[in-house]
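Here is the naming used below: chain letters follow the sequence lines, and residue numbers restart at 1 for every chain.
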There are 2 protein chains.
Amino acid sequence: MAQKPSIPKGTRDFNPEQVAKRNYIFSTIKSKFERFGFQPIETPSFENSDTLMGKYGEEGDRLIFKILNSGDYLSKVNDDLYTEKNSNKITTKISEKALRYDLTVPFARYVVQHQNDIEFPFKRYQMQPVWRADRPQKGRFREFYQCDADVVGSDSLWQEVEFVQLYDEVFTALKLEGATIKINNRKILSGIAEVIGASDKLIDFTVALDKLDKIGEEKVKEEMLGKGISEAGIAKLQPLFTLTGDFGSQIASLKSILSTSEEGQKGIEELDFINTAISTLGLKSAKLQLDVTLARGLNYYTGAIFEVSAPEGVAMGSIGGGGRYDDLTGIFGLKNVSGVGISFGLDRIYLVLEELGLFPETITKSTEVIFINFGDNEALFCLKAVKALREAGINAELYPDKITNGKHMKKQMNYANKRNIPFVVLVGEEELKNSQFTLKNMVSGTQDTVDLETMISKIK
Amino acid sequence: MAQKPSIPKGTRDFNPEQVAKRNYIFSTIKSKFERFGFQPIETPSFENSDTLMGKYGEEGDRLIFKILNSGDYLSKVNDDLYTEKNSNKITTKISEKALRYDLTVPFARYVVQHQNDIEFPFKRYQMQPVWRADRPQKGRFREFYQCDADVVGSDSLWQEVEFVQLYDEVFTALKLEGATIKINNRKILSGIAEVIGASDKLIDFTVALDKLDKIGEEKVKEEMLGKGISEAGIAKLQPLFTLTGDFGSQIASLKSILSTSEEGQKGIEELDFINTAISTLGLKSAKLQLDVTLARGLNYYTGAIFEVSAPEGVAMGSIGGGGRYDDLTGIFGLKNVSGVGISFGLDRIYLVLEELGLFPETITKSTEVIFINFGDNEALFCLKAVKALREAGINAELYPDKITNGKHMKKQMNYANKRNIPFVVLVGEEELKNSQFTLKNMVSGTQDTVDLETMISKIK
């Protein structure tokens with residue numbers, strides 16, 4: 001019985017061109033990760049449920065894909081519980097494994113599990129798919145790759161400096177020039193909350209502040225007021241809304257705003273350290289920008305917070321982000337291991353490169369030469385040449401089916417054309433007799449009859 | 001609360017060395033696939049359950065990992081069915097997606113779904129993980145990679161010829177010399193069954209014959225007898241058990257054994273074609289061997305059957321296999337598309353390369369030079385040099401934490417040592433003043449104080 005085939009919503013097939021383009025991004029990122037001393041690890045696609053559950057908040061727990069136990073899984077559900085027919089309660093009885101939701105928690109698990117085999121500081125990178133049962137929409141998928149680089153086991157700010165450089169290197173290598181690396185620090189947000197007397201409302205405060213870009217100053221103030229932050233406190237924020245100038249002058253303003261907060265001063269010091277180092281070292285194409293409204297994943301980060309925007313003029317959310325977290329491995333029993341990391345948003349970077357036409361043409365060129373198949377004798381002769389071409393590093397193939405009564409010649413030429421194969425070789429009776437090859441350049445339309453060596457050098 | 005972290009049985013973490021070794025195999029295979037004109041595709045990790053279920057037999061269905069629906073999944077189970085508490089019956093109501101079990105069925109689904117965008121013959125390769133709820137044991141995992149190359153849309157035997165070459169190329173590139181590419185043909189097995197009057201018992205007959213290597217001639221005969229194959233029939237098999245000589249002479253013997261079977265003769269013709277072509281074209285390090293007992297996945301294959309054994313002396317099952325299947329896409333409604341393909345067993349190839357010491361040393365060398373961190377001034381100076389080294393294509397890093405009171409010097413040297421980083425650079429006060437670098441070769445133990453350019457050329 002024929003089925004109409006389809007794939008689950010939020011998932012994607014990738015055709016050869018898309019795979020080649022994705023691999024171009026992957027391999028660019030990978031080579032820069034390694035240039036900076038990061039080493040790859042891989043973790044299983046699914047983890048024990050208790051490794052993942054409870055690590056991403058209630059909403060996260062809901063979005064984790066659970067794997068049904070094998071065999072007679074219902075036999076493990078006792079009858080009382082079964083009778084309740086409560087999906088939530090039964091899940092833990094019939095599912096013990098779940099698909100990876102991100103790369104960070106599995107990484108923390110990895111570090112704790114293998115702590116005795118790891119040299120700290122451990123600089124690892126990981127590029128693997130993750131899965132989320134999110135509502136699919138433009139640019140949001142249920143299966144997507146994350147590309148993360150993290151260092152654990154060092155609280156040195158030189159790591160933050162290097163991550164700024166790493167972002168710059170990767171985007172420069174991708175020819176995606178003009179990216180903005182926004183930076184903030186959790187300690188500055190805490191300091192501000194302290195100064196305006198809202199330390200107990202840090203989350204509400206930062207969630208509101210984070211919206212400044214989108215909803216504007218007045219709405220942000222309204223939201224804060226609604227969350228119980230005092231008018232007097234909000235008044236103290238005024239200088240924040242009008243922070244201008246370069247990194248250095250913004251730091252100076254912040255120093256005065258946060259003069260009474262020790263934690264705030266510490267945050268300023270950290271930002272200043274990073275900015276000074278980057279100013280000395282220089283960036284190739286990205287710019288580093290202070291953004292005190294940046295809060296992403298605040299629950300998580302304890303120091304620096306990073307987010308990267310595409311070059312101006314490209315409407316796209318962040319194409320990367322990260323920050324420092326002081327106790328990631330604590331959830332698995334290994335305390336006091338500081339970590340800092342960044343991640344690259346593959347799918348969005350792909351869209352940006354596509355929009356700006358930045359994918360190199362060469363990456364989607366696969367087969368360079370195809371031999372028309374005139375018949376078995378010719379084909380065998382051709383395969384010897386194909387072998388020699390491959391030895392010479394040229395991607396070559398023989399059209400598998402032979403021309404019958406001259407009928408399929410056009411079909412084979414069309415095939416070469418549609419696959420964008422730049423050279424076609426014809427070996428008929430005459431060429432076979434003389435051990436020669438008629439080489440047709442599909443771009444210029446010219447053709448020459450040549451020997452093997454000339455053919456190789458012409459294709460190269 | 002601290003959890004003791006672990007991973008699900010049958011799954012694996014890969015450390016940097018293992019990832020590097022696996023990537024070495026992947027990239028070798030990938031580059032040969034592309035050299036032969038194959039193009040990459042990728043499909044989602046999970047498919048709709050009805051795409052996968054029923055395609056791998058009853059046992060296969062059991063081994064497919066099912067994904068639990070999100071939300072209140074039990075609400076879709078009607079009360080009568082629920083009351084039965086029958087795991088099998090309820091599964092289809094609470095799970096609509098399942099993890100990929102192999103790459104072949106998703107490929108068939110892909111071809112049918114995208115048939116209008118594909119140029120046939122379509123030469124694709126795919127290297128992605130698959131999942132099976134199998135009992136884990138040595139060398140058998142619940143998550144493992146498959147590396148497949150297939151051509152659909154051509155019944156030309158030149159493809160079989162090219163696949164033999166491709167195996168030879170890959171194993172030669174991996175320096176795994178002496179692999180045996182065993183070949184058989186479904187039509188020969190059918191022919192033999194026909195000749196001995198057991199056409200209706202083809203599966204039983206081939207399952208028994210397939211065990212010849214393991215259990216020997218007598219037991220094979222016993223099993224056939226037990227399955228109802230006549231003594232007279234089995235007697236006719238005698239020449240098969242004693243097939244000797246090279247490919248050509250075995251073909252000659254088969255010709256006489258199968259003289260009365262048209263299908264058998266066709267199978268011989270096909271084998272002869274492949275063998276003749278390969279003899280002319282030559283193999284680099286593998287040998288092609290006829291094995292009439294080879295039956296793997298018989299239900300599936302309709303022509304050539306391939307299996308590759310590791311070089312003699314290495315105890316390991318097959319490290320690759322494949323064959324021709326005439327109607328793969330028929331299950332999804334696209335009839336008469338012939339396909340042929342081979343696959344590489346990554347995990348076993350890994351074990352063989354490890355056993356024979358064939359992994360190149362260079363692939364596990366990541367960072368080439370590390371700078372000792374004497375303090376912030378020195379570190380900033382070092383990072384300028386690190387940047388220049390990276391520009392020059394050298395993987396370089398700075399130890400993030402600084403030496404305090406000279407205490408951690410040894411710790412940093414140890415770190416370099418344990419990570420097998422071949423060069424260490426020391427920049428203290430003196431070097432900083434003179435803009436010089438003390439470069440220590442960790443292998444020879446020698447050290448020199450040099451300028452930046454000299455350092456770069458020495459490391460290169």
Can you tell which part of [X] gets under 4.5 Å to a heavy atom of chain B, answering side chain, backbone, both or neither?
| X | answer |
| --- | --- |
| A:Gln159 | side chain |
| A:Tyr125 | neither |
| A:Glu17 | neither |
| A:Glu143 | side chain |
| A:Ser366 | side chain |
| A:Lys97 | side chain |
| A:Lys76 | neither |
| A:Thr367 | side chain |
| A:Ser6 | both |
| A:Asp155 | both |
| A:Arg12 | backbone |
| A:Lys30 | side chain |
| A:Ser70 | side chain |
| A:Gln128 | neither |

Heavy-atom pairs under 4.5 Å with chain B: which of [options] has the most?
| options | value |
| --- | --- |
| A:Ile370, A:Asn48, A:Ile67 | A:Asn48 |
| A:Lys402, A:Lys123, A:Arg62 | A:Lys123 |
| A:Gly393, A:Ser75, A:Pro44, A:Pro106 | A:Pro44 |
| A:Glu34, A:Lys335, A:Lys85 | A:Lys85 |
| A:Gly37, A:Pro8, A:Ala98 | A:Pro8 |
| A:Asn88, A:Ile94, A:Asp117 | A:Ile94 |

Is there a side-chain contact between [X] and [Y] in this structure, where contact means two heavy atoms from C-beta onward sitting under 4.5 Å apart?
| X | Y | answer |
| --- | --- | --- |
| B:Asn414 | A:Glu119 | no |
| B:Leu99 | A:Leu99 | yes |
| A:Val161 | B:Leu380 | no |
| A:Tyr399 | B:Pro121 | yes |
| B:Asn15 | A:Tyr110 | yes |

Heavy-atom pairs under 4.5 Å with chain A are the metric here; pick the option from [options] that has the most.
| options | answer |
| --- | --- |
| B:Asn373, B:Val77, B:Leu281 | B:Leu281 |
| B:Leu157, B:Val386, B:Asn69, B:Thr91 | B:Thr91 |
| B:Ile421, B:Asp376, B:Leu398, B:Thr43 | B:Asp376 |
| B:Arg124, B:Arg22, B:Lys284 | B:Lys284 |
| B:Trp131, B:Phe273, B:Phe38 | B:Trp131 |

Quiz item: Between the main-chain N or O of A:Leu74 and the side-chain N or O of B:Ser87, is there a donor-acceptor pair closer than 3.5 Å?
Solution: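 Side chain of B:Ser87 to backbone of A:Leu74, a donor-acceptor pair under 3.5 Å: yes, one is there.
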
Exercise. Could you tell me whether the side chain of B:Tyr82 and the main chain of A:Thr83 form a donor-acceptor pair under 3.5 Å?
Key: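 No: the side chain of B:Tyr82 does not pair with the backbone of A:Thr83.
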
Nearest 0.5 Å, what's the [atom1]-[atom2] distance between [X] and [Y]?
| X | Y | atom1 | atom2 | result |
| --- | --- | --- | --- | --- |
| B:Glu397 | A:Trp158 | CD | CH2 | 15.0 Å |
| B:Ile7 | A:Thr51 | CD1 | OG1 | 9.5 Å |
| B:Arg100 | A:Ser45 | CZ | OG | 8.5 Å |
| A:Phe14 | B:Gln126 | CZ | CD | 12.0 Å |

Quiz item: What part of B:Gln412 is in contact with chain A, defined as an atom under 4.5 angstrom from a non-hydrogen atom: side chain, backbone, both or neither?
Solution: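 Neither part.
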
Self-check item: Heavy-atom proximity to chain A below 4.5 Å, by part of B:Gln165
Solution: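 Only the side chain of B:Gln165 comes within 4.5 Å of chain A.
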
Exercise. Begin with the C-alpha distance, continue with both residues' side-chain angles, and end with the deciding distance and a verdict on salt bridge (charged side-chain N to carboxylate O under 4.0 Å, His left out) for B:Lys387 and A:Glu169.
Key: CA-CA 10 Å; B:Lys387 192 178 166 188; A:Glu169 283 287 338; over 6 Å; no

Quiz prompt | Residues B:Asp13 and A:His114: side-chain donor-acceptor under 3.5 angstrom | solution =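 Distance-only check passes for B:Asp13 and A:His114.
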
Quiz item: Looking only at side chains, do A:Asp401 and B:Ser156 share a donor and an acceptor under 3.5 Å apart?
Solution: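 No, because no side-chain N or O of A:Asp401 sits under 3.5 Å from a partner of the opposite role on B:Ser156.
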
Quiz item: Taking it one step at a time, do A:Gln18 and B:Ile41 satisfy side chain to side chain contact (heavy atoms under 4.5 Å, CB included)?
Solution: CA-CA 8 Å; A:Gln18 291 164 328; B:Ile41 68 160; over 6 Å; no

Quiz item: Does the gap between the ring centers of B:Tyr415 and A:Phe120 come in under 6.0 Å?
Solution: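 No, too far apart.
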
Self-check item: Basic-acidic side-chain contact under 4.0 Å: A:Arg35, B:Glu368
Solution: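 No, this pair does not count.
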
Quiz item: Does B:Arg390 come within less than 4.0 Å of A:Glu162, counting only side-chain N to carboxylate O?
Solution: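 Counted as a salt bridge, because a side-chain N and a carboxylate O are separated by less than 4.0 Å.
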
Self-check item: Pair B:Ile90-A:Tyr73, side chain to side chain contact (heavy atoms under 4.5 Å, CB included): steps then yes or no
Solution: CA-CA 10 Å; B:Ile90 286 183; A:Tyr73 53 88; 4.0 Å; yes

Exercise. Step by step, work out the side chain to side chain contact (heavy atoms under 4.5 Å, CB included) result for B:Phe46 and A:Thr11.
Key: CA-CA 8 Å; B:Phe46 48 74; A:Thr11 68; 3.4 Å; yes

Quiz item: If you take all heavy atoms of A:Pro5 and B:Arg109, which pair is closest and at what distance?
Solution: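 Result for this residue pair: CB-CG, 3.5 Å.
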
